[in-house]
Amino acid sequence: MAVERMDNVGIVVDDLDAAVAFFAELGMELEGTARIEGPWADRTVGLDGILSDIAMMRTPDGRGRLELAEYHSPAATRPEPAAPPPNTLGLHRVMFAVDDIDDTLARLRTHGAELLGEVARYENAYRLCYLRGPAGIVLALAEQIG
């Protein structure tokens, strides 16, 4: 049996409303929200006493999704360092294709996004950048130019 699809990427945030606003500004659509709790959640995740709120965000083409989760219990923990560099082991980044990287950056900066480096050109094919978004996650943006 093979994998049917990748369903979503989960991201733990400390302010669900702010994260939803950030990803909505990026162009994602809020698919729905839910409160997650109970024995099934504890068993699935391997934590006791889970109480979290989630928001499912969908890309405009309907193929990609992010599950944003804010844990109320047990409290979320911060990685060390709090803003790890892009070469930290584990999930590296989530990349989004955008039609106008400069406009996208300008809009995301109003939600606290910060460039990690600068917008760079890869040959005559793409303009790319890494930025830090909600809860310190690293996003990459790619604008196809060629």
Side-chain angles (χ1 to χ4, degrees), residues 1-38 40-47 50-73 76-79 81-146:
M1 174 172 256
V3 171
E4 293 181 24
R5 70 180 181 275
M6 186 180 85
D7 193 57
N8 67 67
V9 173
I11 301 174
V12 176
V13 298
D14 55 1
D15 184 337
L16 188 59
D17 292 335
V20 167
F22 180 90
F23 286 104
E25 189 68 54
L26 181 60
M28 297 187 80
E29 301 165 9
L30 178 63
E31 190 172 85
T33 61
R35 176 149 284 190
I36 306 299
E37 62 183 320
W40 71 270
D42 294 357
R43 287 193 308 273
T44 301
V45 178
L47 295 171
I50 287 180
L51 174 60
S52 65
D53 289 311
I54 65 166
M56 190 66 72
M57 304 294 294
R58 178 182 62 238
T59 57
D61 67 2
R63 293 193 216 164
R65 287 153 109 215
L66 292 179
E67 178 183 297
L68 306 173
E70 181 179 359
Y71 278 81
H72 305 291
S73 173
T77 59
R78 294 207 177 270
N87 65 339
T88 301
L89 293 174
L91 182 64
H92 180 62
R93 51 106 178 113
V94 179
M95 180 175 272
F96 293 93
V98 298
D99 59 0
D100 183 335
I101 202 166
D102 297 315
D103 176 66
T104 303
L105 279 171
R107 289 185 294 106
L108 293 179
R109 282 186 170 127
T110 67
H111 293 270
E114 298 178 7
L115 275 174
L116 295 183
E118 59 187 60
V119 177
R121 186 180 195 117
Y122 174 70
E123 298 180 350
N124 287 324
Y126 290 97
R127 294 180 68 220
L128 305 159
C129 70
Y130 276 27
L131 59 100
R132 196 166 302 281
I137 63 168
V138 176
L139 302 178
L141 302 178
E143 175 187 354
Q144 189 169 3
I145 56 174

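Once rounded to the nearest 0.5 Å, the distance linking CG of L108 with OG1 of T110 reads 7.0 Å. To the nearest 0.5 Å, atom NE2 of residue H72 and atom OG of residue S52 are 7.0 Å apart. Taking CG of D103 as the reference point, atom CG of L105 lies at 9.0 Å (rounded to 0.5 Å). Atom CE in M95 sits 8.5 Å away from atom SG in C129 (nearest 0.5 Å). D53 contributes atom CG, which lies 7.5 Å from atom OG1 of T33 (distance to the nearest 0.5 angstrom).
For OH of Y126, the number of neighbouring non-hydrogen atoms (other residues, nucleotides, ligands) closer than 6.0 Å is 12 at most.
The side chain to side chain contact (heavy atoms under 4.5 Å, CB included) check on E114 picks up nothing, with sequence neighbours excluded. Applying the side chain to side chain contact (heavy atoms under 4.5 Å, CB included) criterion to R58, with sequence neighbours excluded, gives E29, E31, R65. Looking at residues two or more places apart in sequence or on another chain, you find a side chain to side chain donor-acceptor pair (under 3.5 Å) between T59 and D61. In this view, R5 and D7 satisfy the side chain to side chain donor-acceptor pair (under 3.5 Å) rule, not counting sequence neighbours.
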query: Can V13 and Y71 be said to form a side chain to side chain contact (heavy atoms under 4.5 Å, CB included), step by step?
result: CA-CA 8 Å; V13 298; Y71 278 81; over 6 Å; no
message: The test is side chain to side chain contact (heavy atoms under 4.5 Å, CB included); show your working for I50 and E37 and say whether it passes.
response: CA-CA 5 Å; I50 287 180; E37 62 183 320; 5.5 Å; no
task: Please assess E67 against V9 for the test side chain to side chain contact (heavy atoms under 4.5 Å, CB included), listing each intermediate value before the final yes or no.
output: CA-CA 6 Å; E67 178 183 297; V9 173; over 6 Å; no
Please tabulate, for side-chain N and O atoms in residues 130-146, each donor-acceptor pair with protein atoms closer than 3.5 Å (sequence neighbours left out).
unit_1	atom_1	unit_2	atom_2	d
Y130	OH	H92	NE2	3.0
Y130	OH	R93	NE	3.3
R132	NH1	P84	O	3.4
R132	NH1	G136	O	2.7
R132	NH2	P84	O	3.0
E143	OE1	I101	N	3.1
E143	OE1	R127	NH1	3.3
Q144	NE2	G146	O	3.3

Sequence neighbours left out, cut at 3.5 Å: what donor-acceptor pairs do the side chains of residues 14-26 make with other protein atoms?
unit_1	atom_1	unit_2	atom_2	d
D14	OD2	R78	NH2	2.8
D15	OD1	D17	N	3.3
D15	OD1	A18	N	3.1
E25	OE1	H111	NE2	3.2
E25	OE2	R107	NH1	3.1

